[in-house]
Colleague: 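Have a look at the structure that comes next, please.
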Protein chains: 2
Amino acid sequence: MTHQSRITQGRKFDQVRNGAAEIFLRDGFSGASVDDIARSARVSKATLYSYFPDKRLMFREVLRSTLDDAFKQLPFDPDQSGPASEALPIIMTGLAQWLMTEPRLHLHRVVIAEAARFPEDAQTYDRTMNDRIVAPLARLIEGWIALDEVRLHDAMTSARQMVAMLIGQLQHRALLDGADLAPDRADDTAAATASLFLAAYS
Amino acid sequence: MTHQSRITQGRKFDQVRNGAAEIFLRDGFSGASVDDIARSARVSKATLYSYFPDKRLMFREVLRSTLDDAFKQLPFDPDQSGPASEALPIIMTGLAQWLMTEPRLHLHRVVIAEAARFPEDAQTYDRTMNDRIVAPLARLIEGWIALDEVRLHDAMTSARQMVAMLIGQLQHRALLDGADLAPDRADDTAAATASLFLAAYS
DNA sequence: GTCTATATACGGATAGAC
DNA sequence: GTCTATCCGTATATAGAC
């Protein structure tokens, strides 16, 4: 096991996967054509099919690897220290920027769009977001509760609420409006989210 | 102008539009085939094309009319009276149930999925949700502020936050999880949303 | 291993009968 | 106005040369 155990072999595997990702994330599953993918990957169609048995598995691999990549950069520092009133706005700002940076925006759209056709992958996406974002945030809140910086309440619920607020206000609107993501608006939204929580619980 | 001025003429117009809606809302634009639509509408393809010049316009008419239908039932009573602490949970519960009832759930998915291909319709959707949900809610909040039931703050911001919380926690997860929408969970989420707001501002 | 060329089916759209 | 039958481009997938 000196190398990966996944089937990532073949000289052009990454080239193919990246080309497929570009097209699938832009056009969705049904909207993407294998010809476009081959062009984007600069490979022939026959080469594509030497790596993947069909279009569906190509798509699933794109979802899997894109989700994997999405967390290469951490949404926020899980060991954030300092009082809640200072740390929370920083955390929300980091999370907001994380949510608004590609490929997370396109991934979000495509997963929702194809959830009925690829229910397992949609659930994996949902579960991963919970495990990697909501749960760590809840643990931070519990820490503040233990230190009496924040009033006792259900931390998991408020973590979910804050994440939903950011996703709803930022990703949702960015996808609908297409308005080129003004980063300062993300910061404002993050600050308002932290304020609401702090007003309620501190 | 005794009748509609829109081009809703022809005996089978509704039949065609409803059949198209069923397939488009289920499969998205690219995933839907005109053959499926014809079958679902129980009409021949030639008949479809006698009502719509092409598939794209068929899709846009489905979005338009479905969005129209979505507001036939009001999301909540805009003249809700009574103190904020009683009225707000009722309003949030009504809104939560509204969001979780078809065809709103499928419409939400499809609009996001196709926002890049149909940007105007995505913006119309976004604007309509704001005008019909967020803005009325903000006006209610301003009423409570005027009566000193709620502390002074930016009502539009908190209205946006609450709506985003509901959409993010309910629609979002229902679409990803497919888990048959347990209505009592919608009620819990609505109650928690109202609680957060009231804890922060009353 | 990767390509060109092709098999085969299905897509959107239309002609013409009734 | 609505249908049956069909056009024709494009889709996914593969055979066979190199």
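No experiment lies behind these values; they were computed from the predicted model shown.
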Colleague: Which is the 5'-most and which the 3'-most nucleotide of DNA chain C that has an atom under 4.0 Å from a heavy atom of chain B?
Modeller: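 Under 4.0 Å from chain B, the extent on DNA chain C is C:dG11 to C:dA15.
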Colleague: Given 3.5 Å as the limit, does a donor-acceptor pair link the side chain of B:Q80 with the main chain of B:A87, or not?
Modeller: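 No; zero donor-acceptor contacts below 3.5 Å.
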Colleague: Under 4.0 Å, counting only non-hydrogen atoms across every strand here, what does A:D35 touch: a base, just sugar-phosphate, or nothing?
Modeller: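 Base: the residue A:D35, judged by heavy atoms under 4.0 Å, touches a nucleobase.
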Colleague: By the 4.0 Å heavy-atom rule, please label B:F52 as base, sugar-phosphate, or nothing.
Modeller: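 Nothing, no heavy atom under 4.0 Å.
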Colleague: In terms of ring plane angle, is the pair A:Y201 and A:H153 parallel, tilted or perpendicular, where the classes change at 30° and 60°?
Modeller: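 Because their plane-to-plane angle is under 30°, the rings of A:Y201 and A:H153 count as parallel.
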Colleague: Is B:R117 atom CZ crowded by more than 12 heavy atoms from other residues, nucleotides or ligands, each under 6.0 Å away?
Modeller: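 For B:R117, atom CZ is crowded (more than 12 foreign heavy atoms under 6.0 Å).
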Colleague: Are B:T47 and B:S50 close enough that a side-chain donor and a side-chain acceptor fall under 3.5 Å?
Modeller: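 B:T47 vs B:S50: no donor-acceptor pair found between side chains.
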Colleague: Nearest nucleotide by nearest heavy atom, which residue falls closer to the 5' end of DNA chain D, B:S50 or A:S30?
Modeller: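 Nearest-nucleotide comparison on DNA chain D picks B:S50.
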Colleague: Measure CZ/A:F24 against C1'/D:dA11 and give the value in whole Å, please.
Modeller: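 About 13 Å, once rounded to whole Å.
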Colleague: Check whether A:R151 reaches the backbone of A:A200 with its side chain - one donor and one acceptor, N or O, closer than 3.5 Å.
Modeller: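 Confirmed, A:R151 side chain pairs with A:A200 backbone.
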Colleague: Give the ring-plane orientation class for B:F52 versus B:F13, where under 30° counts as parallel, over 60° as perpendicular and anything between as tilted.
Modeller: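 B:F52 and B:F13: tilted rings.
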Colleague: Heavy-atom contacts under 4.0 Å between residues 36-49 of chain A and DNA chain D, which residues?
Modeller: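 Output list: A:K45, A:A46, A:Y49.
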Colleague: Show your reasoning for whether side-chain contact (heavy atoms from CB on, under 4.5 Å) applies to B:D121 and B:R64.
Modeller: CA-CA 8 Å; B:D121 303 279; B:R64 200 204 56 72; 5.9 Å; no
Colleague: Would one find more than 12 heavy atoms of other residues, nucleotides or ligands at under 6.0 Å from atom CZ of A:R185?
Modeller: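 No - once you tally the heavy atoms of other residues, nucleotides and ligands closer than 6.0 Å, there are 12 at most.
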